[in-house]
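Owing to the predicted nature of the structure, the values given are computational and were not obtained by experimental measurement. Counting starts at 1 for both ligands and their atoms, following the listed order. Start at 1 with the first residue, then count along the sequence.
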Amino acid sequence: MPANLTAQYHKAEEQYRRAVMPDEQLRCLQEMLREMPKHKGTDKLQSDLKQKISKLKKELTSGSKSTKKGTGIRIPRQGAGTAILLGGTNSGKSQLLAALTRANPEIAPYPFCTREPLPGMMPWQDITVQVIDTPPITADYLESYMQGLIRGADLALLVIDLGSDDGIEQCQEVLDKLNSTKTRLASDSYLDENDIGLSFTRTFATPNKIDSAGAVERLELLHELCPLDFPEFPVSATIETGLEPLREAIFHSLDMIRVYTKLPNQKEPDYDRPFTVRRGGTLLDVAEQIHKDYVQDLKFARVWGSDVHDGTMVKADYVVQDKDVVELHT
Ligand SMILES: Nc1nc2c(ncn2[C@@H]2O[C@H](COP(=O)(O)OP(=O)(O)OP(=O)(O)O)[C@@H](O)[C@H]2O)c(=O)[nH]1
Ligand SMILES: [Mg+2]
């Protein structure tokens, strides 16, 4: 990746990685091109972007079929981030959703039970993370909207069935199927350097049904036959083993911090409803979430937190820290 790309560029790039609709992709690519420092080191990237932009423009004006690709189901983002459950049929995705959240999906011992994605909210300390259950992925079955959901998620949880001898093969099928598309799984989220249409979503492996007979041996076999480059969290969704470390790791992977806000005339902040921003985010990012007027009208804030003296006056560019209490003044 060429040097000196601005924060705005990275923001647009992340939006592009998540964008499903062609008009949204076009807007992000144009923003990336605008934000890109124009020098020799970025020549290749600039020409890639220009090519992509002109191709998308053509597709949009001709109304070709590929511009309709990715339409379908969209799930509004909620909570501090989104994790998507992926896996072969019967691996226990729906059971895991039920164990992690208060959602009530259909769970059944027969294949292809789940037909539509279903979100639930997973509590972790005083915040929540959205978890989405999905239909299975097999060698010949991948719902058209799945790529959009995977790109839009912060994290994928690859559920592997340790209760059946077919589990490892099913897992390989899921990976192969996604590798045949431009939406793939990796140990981190990024766009391919040489093909910016190719998106990778950060993934955890969650071998499930660790409670069942032969599961430990199957897990060893998985490591041998299908070594995965993802952090691994063996779980049992039915007897709820291993869920706490998984919850914790999901939250940490989001790299979000919590900020509590209070009004100048309030004694105590609203501890029940923290705002969450990506680590490295500023006071302005918090203000944006409260109300757009706050962004324009914000004069200063007082902060109580680990890095500052109580009540320190800060400006909009102050980098907030986890559990800061901020009092915004307009
Ligand atoms: N022993 C055991 N059984 C489990 C576990 N998790 C799920 N199951 C069982 O496995 C079967 C399938 O579970 P589901 O959650 O419906 O599987 P799924 O991955 O959602 O399946 P599809 O929707 O068809 O893709 C059910 O009979 C569950 O009770 C587990 O941790 N241990
Ligand atoms: Mg299911």
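Close approach of ligand 1 to Ile107 is summarised as follows: ligand atoms under 4.0 Å from at least one heavy atom of the residue are 13 (O), 14 (P), 15 (O), 16 (O), 26 (C), 28 (C), 29 (O). Distances below 4.0 Å separate heavy atoms of Phe112 from the following atoms of ligand 1: 24 (O).
Nearest protein heavy-atom contact of atom 26 (C) of ligand 1 is Ala108 O, 3.6 Å. Regarding atom 21 (O) of ligand 1, its nearest protein heavy-atom neighbour is Asn90 N, 3.0 Å. The protein heavy-atom contact nearest to atom 19 (O) of ligand 1 is Lys93 NZ, 2.7 Å. Given atom 29 (O) of ligand 1, the protein heavy atom at minimum distance is Gln95 OE1, 3.0 Å. Nearest to atom 20 (O) of ligand 1 among the protein's heavy atoms is Ser94 OG, 2.8 Å. The protein heavy-atom contact nearest to atom 17 (O) of ligand 1 is Gly92 N, 3.1 Å. Scanning the protein heavy atoms around atom 2 (C) of ligand 1, the nearest turns out to be Thr238 OG1, 3.5 Å. For atom 6 (N) of ligand 1, the nearest non-hydrogen atom of the protein is Asn208 ND2, 3.2 Å.
Considering backbone and side-chain atoms together, Val235 places no N or O closer than 3.5 Å to any N or O of ligand 1. Not one N or O of Ile210 is nearer than 3.5 Å to an N or O of ligand 1, by distance alone. Below 3.5 Å of separation, one finds an N or O of Asp211 facing an N or O of ligand 1.
One of the N, O or S atoms belonging to Ser94 lies under 2.8 Å away from the Mg ion (ligand 2). For a distance bound of 2.8 Å, the N, O or S atoms of Thr114 include one lying that close to the Mg ion (ligand 2).
The proximity of Pro111 to ligand 1, defined as any non-hydrogen pair under 4.0 Å, is limited to the backbone. Within the 4.0 Å heavy-atom criterion, neither part of Leu96 lies near ligand 1. Looking at Val159 against ligand 1, nothing comes within 4.0 Å, counting heavy atoms.
The residue among Glu106, Glu240, Lys209 with a heavy atom at the shortest distance from atom 5 (C) of ligand 1 is Lys209.
Using a cutoff of 4.0 Å between basic side-chain nitrogens and carboxylate oxygens, Arg278 and Asp154 are scored as salt-bridged. Salt-bridge annotation for Lys177 and Glu143: absent, with no side-chain N of the basic residue lying under 4.0 Å from a carboxylate O of the acidic one. Looking at Asp133 and Lys93, no side-chain N of the basic residue comes within less than 4.0 Å of a carboxylate O on the acidic one, giving no salt bridge.
Using modelled atom types, one finds a donor on one side chain and an acceptor on the other under 3.5 Å when comparing Glu327 with His329. Donor-acceptor pairing under 3.5 Å is recorded for the side chains of Asp126 and Tyr260.
Residues Phe233 and Leu228 do not share a hydrophobic cluster, defined by chaining ILVMFWY side chains whose heavy atoms lie under 4.5 Å apart.
With values rounded to the nearest 0.5 angstrom, Leu149 atom CG is found 11.5 Å from Leu85 atom CG.
Under the 4.0 angstrom criterion for non-hydrogen atoms, Ser91 is in contact with ligand 1.
Annotation for Lys38: atom NZ counts as buried by contact number, over 12 foreign heavy atoms lying within 6.0 Å. Annotation for Glu232: atom CD counts as buried by contact number, over 12 foreign heavy atoms lying within 6.0 Å. For His309, the NE2 atom is loosely surrounded, since the number of other residues' heavy atoms within 6.0 Å does not exceed 12.
Ring geometry, Tyr141 versus Phe112: the interplanar angle exceeds 60°, so the pair is classed perpendicular (tilted spans 30 to 60°).
Checked against a 6.0 Å centroid threshold, the rings of Phe230 and Phe204 do not count as neighbours.
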